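Below you'll find the structure, written out as structure tokens, and then a few comments.
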Amino acid sequence: MRLVPCPDCGPREPGEFVCLGDSGGHPVGEDGLAEALYGRANAKGPVEELWWHKFGCRRWLKLRRNSATNEFVP
Amino acid sequence: MRGYSIWALARNALTGHAGWPRAWRSPRPRERYEAVIVGAGGHGLATAYYLARRHGMRNVLVVDKGWIGGGNTGRNTVTIRANYLREESIRFHAEGLRMWREMSGELGFNVMFSERGQIDLIQTWAKLRDVKRRQVLMRLAGVPFEIVSPEAAKARVPILDLDGAKRFPVLAATWHPSAGVARHDAVAWGYARAADALGVDIVQGCEVTAVRREGGRVTGVETAMGFVVAPKVALAVSAHASVLAQTAGVRLPIETVPLQAFVSEPLKPMLDCVVNCPGQVYLSQSDKGELVIGGGADGVPSYVQRGDFATIERVVTSLAELFPVLGRVRMLRQWAGAIDLCYDTSPIVSKAPVDGLYLDVGWGSGGFKAIPAGGAAFAALIANDMPGPEVAPFALDRFATGRPLYETAGASNRD
Ligand SMILES: Cc1cc2nc3c(=O)[nH]c(=O)nc-3n(C[C@H](O)[C@H](O)[C@H](O)COP(=O)(O)OP(=O)(O)OC[C@H]3O[C@@H](n4cnc5c(N)ncnc54)[C@H](O)[C@@H]3O)c2cc1C
Ligand SMILES: [Zn+2]
């Protein structure tokens, strides 16, 4: 895992953060509620996620990362 | 297939070991098959074997982008047990334990199954409540599993330290005598060799790029070696379940997460059972003397087979605290596998919402033990186009119908 780029605190240890997963969610559509609640894109490649800097500034962040390399992309 | 035996060993020793035949062929994929299984891990290979052996389906291709057992099967820490929470899981894994005992004989390949038992050290009140509940359910299923005192655990595991101030003192322990370990590579190789001998084609180094469908039916798979026609396509690809299912328009309730493992330098025999401290660390000692150590899954979804340092710190802290004698032991290797973690941490063995597409995924941190029983059940599902009663509860539609199987007994479960 790479250092996590927090806009407040700069690059910090991943252990300070909680990754809360896909920031997009999935709207309830034709495929139903179960799909929206449980279905996951689980993309291999660029993903946009919510991160919480729990042991730092406690801010919620929206970060882009490549799940195939772990690199954060601006 | 020529059997392996002490006589064959002696005969070949006299001829400089030049006479051993190859364990399996390396064919090019043909144009069409009755069924294509994507993924030559333990699950894909066992499925192919049982399809050929029990259901007479021999015109089958197993295709892998890497090599036989090179996924999680060859990266796992080989604990085999049945002490789960769900009745469905307990019964399924109890049948698995029975199959493990017979596997070396059936495959003609020594998988080194060693039924050495497992001790869980319970360090939180939440976990104690959980194992109390599991003790009742295990009893109902007739599988031995009992809560014992920390001192009883210490008597069995002398390297365990119960003294002094601990962050998480040991409150109780559990004993699961029918748990064990086996040799992971041997399991993959044994099934590969036996499936190949029955006529199954195993093709390595060939990536499947997409499942092709026409309307509501599967027609075959696109591979690096061209299109292969098949009316039945079975996915046993662990980490890449979502990626491949999505090429057929199917979304899964699965996240891909790294799970790490560590191996120490070889030590004198000091641990003759599996020890698990749920959510923190678990270990067993291999026949070579190395301690095989694991912990919980990483917190960040990723396809990278490396793992983050926070997990290493967590595992090592617990290890050194409970087993101070290991505090200065050096680690030889560290690695991760990318596991397919299902939302309720139970597996998916199921028909997909596309005709002819079958799923055996979501095994997460616990699918090695499920290779024989999972392979047999998945083969029956593919052959009959209908799940048997042992895996019917693990259907994909359990989420939509409100019957998820939340599990608490996996290495990736935290409380
Ligand atoms: C560190 C670690 C420890 C573990 N410990 C235990 C344990 O103690 N006990 C236990 O029961 N389980 C354990 N597990 C879990 C267990 O390893 C897995 O659940 C099990 O091995 C899954 O087997 P499989 O055959 O489904 O998948 P894999 O063995 O991962 O095989 C999947 C195969 O699919 C191939 N593949 C993927 N995508 C494609 C594609 N597009 N085209 C072609 N091929 C493809 C891969 O190359 C791979 O070989 C552990 C896992 C890890 C990572
Ligand atoms: Zn911050």
Side-chain angles (χ1 to χ4, degrees), chain A residues 1-6 9-56 58-73, chain B residues 65 209 237-247 249-258 260 297-314 317 336 338-346 348 353 361-362 395-406 414:
Chain A
M1 207 67 230
R2 310 296 171 104
L3 294 179
V4 183
C6 176
C9 319
R12 301 296 287 250
E13 286 277 332
E16 295 179 6
F17 294 80
V18 180
C19 174
L20 294 134
D22 199 338
S23 68
H26 189 71
V28 183
E30 273 172 29
D31 43 8
L33 185 62
E35 184 55 51
L37 286 175
Y38 301 106
R40 292 286 181 274
N42 196 22
K44 182 177 183 177
V47 289
E48 195 178 73
E49 298 167 319
L50 291 175
W51 286 69
W52 179 35
H53 198 177
K54 184 176 181 184
F55 301 109
R58 299 186 67 80
R59 191 165 135 177
W60 285 65
L61 311 167
K62 203 184 257 189
L63 296 175
R64 271 197 300 227
R65 185 173 63 95
N66 185 335
S67 69
T69 61
N70 281 347
E71 226 155 308
F72 286 94
V73 281
Chain B
K65 68 183 166 78
T209 48
V237 289
S238 69
H240 289 84
S242 307
V243 174
L244 271 178
Q246 251 157 52
T247 65
V250 178
R251 258 165 69 103
L252 298 175
I254 285 180
E255 257 175 1
T256 296
V257 177
Q260 305 190 47
D298 283 11
V300 184
S302 171
Y303 285 79
V304 181
Q305 293 168 317
R306 201 162 47 228
D308 68 29
F309 193 72
T311 304
I312 302 181
E313 274 188 314
R314 193 176 69 226
T317 307
I339 59 167
D340 41 345
L341 212 49
C342 191
Y343 191 89
D344 57 4
T345 60
S346 287
I348 296 169
V361 295
L396 175 60
D397 70 4
R398 67 177 182 263
F399 296 98
T401 56
R403 295 184 185 84
L405 292 167
Y406 292 102
R414 306 228 179 91

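Since we're looking at a predicted model, the values are computed, not measured. Lettering follows sequence order; numbering is per chain, from 1.
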- Residue among B:G402, B:P253, B:A310, B:P258 with most heavy-atom pairs under 4.5 Å to chain A: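 The residue among B:G402, B:P253, B:A310, B:P258 with the greatest pair count is B:P253.
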- Query: Taking the six-membered ring for Trp, are A:Y38 and B:Y343 parallel (under 30°), tilted (30 to 60°) or perpendicular (over 60°)?
  - Reply: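 The arrangement is perpendicular - the two ring planes meet at more than 60°.
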- Pick one of side chain, backbone, both or neither for A:A41, based on which atoms fall under 4.5 Å of a heavy atom in chain B.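 Contact with chain B is through both the backbone and side chain of A:A41.
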- Against chain B, label A:E13 side chain, backbone, both or neither, depending on which of its atoms sit under 4.5 Å from a heavy atom there.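 Looking at A:E13, nothing touches chain B.
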- Item | Part of B:V243 lying under 4.5 Å from any heavy atom of chain A |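 For B:V243, the side chain is the part near chain A, not the backbone.
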- Message: So for B:Q246, is it side chain, backbone, both, or neither that comes closer than 4.5 Å to the heavy atoms of chain A?
- Response: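 Answer is side chain: those atoms of B:Q246 sit under 4.5 Å from chain A.
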Within this structure, what is the [atom1]-[atom2] distance for the pair [X] and [Y], rounded to the nearest 0.5 Å?
X: A:K44; Y: B:L244; atom1: NZ; atom2: CG; value: 10.0 Å
X: B:I254; Y: A:N42; atom1: CD1; atom2: CG; value: 7.5 Å
X: A:E35; Y: B:L252; atom1: CD; atom2: CG; value: 9.0 Å

- Message: Quick check on the interface: out of A:A34, A:G21, A:G39, who has the most heavy-atom pairs with chain B under 4.5 Å?
- Response: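 Top count of heavy-atom pairs under 4.5 Å with chain B: A:G39.
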- Message: As an exercise: rank A:S67, A:G32, A:G45 by heavy-atom pairs under 4.5 Å with chain B and give me the winner.
- Response: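 The candidate making the most pairs under 4.5 Å is A:S67.
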- Query: Does any non-hydrogen side-chain atom of B:P301 lie less than 4.5 Å from one of A:C19?
  - Reply: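 A side-chain contact under 4.5 Å exists here.
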- Looking only at non-hydrogen atoms, find the nearest pair between B:V304 and A:A68 and report the distance.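 Answer, listing the atom of B:V304 first, then A:A68: CG2-O, 3.4 Å.
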